[in-house]
Amino acid sequence: MAEVRTMSEGELRWVRASGVGNVWATAATPVSGIFAFVRSFSYTSAQTVTTVNERGRPHHNKITQVAPIDVTMTCAWTGRFPSAVSGSGATVPMIHLEHRASAAEIGNGTTGDFTQFHGVALASIQFTEGAEENTLNVSFRALAMNGPTGSGYLS
């Protein structure tokens, strides 16, 4: 039986991006690592859908615009922060991110739900020191995403 999800706890990994664009492209042996342990996770992916009429009746839908993806997370900080210096051709420091949500009931219990975010720029970060753990509230803007899927690239 499927489990109802209440939190998308898991880990967030990163890899330095090469150039520009919305594909998972990296240079040979790029810098990568674990960013943080995610406590809560949300994203907004939007597109503009226009209905095309034929003789005054709805005939089909057409995607006319795709918006960037806004990602927000609250994380338990690992003490490391990615060096987001991109390869040549990038206009802003850019990384790719992969969130692996815990999902013990899938497969043999060792997998998870993976979501990859491509062409990610850091929008904001807030650090909070706590008695139990230090947390980061981070906001990113991604050019594209893939997922959730049953397998990842970085984890």
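In what follows, residues are counted from 1 in the order of the sequence shown.
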Working for side chain to side chain contact (heavy atoms under 4.5 Å, CB included), residues Q126 and T128: CA-CA 7 Å; Q126 177 188 7; T128 305; 4.1 Å; yes
Taking it one step at a time, do N146 and T115 satisfy side chain to side chain contact (heavy atoms under 4.5 Å, CB included)? CA-CA 6 Å; N146 177 41; T115 307; over 6 Å; no
For a salt bridge (Lys or Arg N to Asp or Glu O under 4.0 Å) check, start with the C-alpha distance between R100 and E98, then their side-chain angles and the critical distance, and finish with the verdict. CA-CA 6 Å; R100 178 189 180 273; E98 179 177 84; over 6 Å; no
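In this structure, V49 and T64 have side chains that are not in contact, with every pair of non-hydrogen atoms separated by 4.5 Å or more. Taking the side chain as every heavy atom from C-beta outward, I63 and Q65 never approach each other to under 4.5 Å. The side-chain heavy atoms of V52 and H60, taken from C-beta on, include a pair separated by under 4.5 Å. Contact of the Y43 side chain with the D70 side chain is not registered, since no non-hydrogen atoms from C-beta on lie closer than 4.5 Å. The shortest side-chain heavy-atom distance between W77 and T135 does not fall under the 4.5 Å cut-off. Using a 4.5 Å heavy-atom cutoff, the side chains of F140 and V138 are in contact.
Ring pair H99/F41: centre-to-centre distance below 6.0 Å.
Results of the side-chain hydrogen bond (donor to acceptor under 3.5 Å, both in side chains) test with T72 over S42, S40, S139 single out S42 as the only residue that passes.
Distance NE2/H118 to CD1/I95: 12.5 Å, rounded to 0.5 Å. Here the straight-line distance linking atom CG of L97 with atom CG of L12 works out to 5.0 Å at 0.5 Å rounding. Atom OG1 of T44 is separated from atom CE of M145 by 10.0 Å, given to the nearest 0.5 angstrom. In this structure, CZ in F114 is found 9.5 Å from CZ in R13, a value given to the nearest 0.5 Å. The OG atom of S45 sits 4.5 Å away from the CD1 atom of I69 when rounded to the nearest 0.5 Å. For the atom pair CD (Q47) and CG (N61), the distance works out to 10.0 Å, reported to the nearest 0.5 Å.
For the pair V38 and M73, the tightest heavy-atom approach, listed with the atom from each and the gap, is CG2-SD, 4.0 Å.
Under a hydrophobic clustering in which Ile, Leu, Val, Met, Phe, Trp and Tyr are joined whenever their side-chain heavy atoms come within less than 4.5 Å, directly or via other members, F117 and V66 fall into different clusters.
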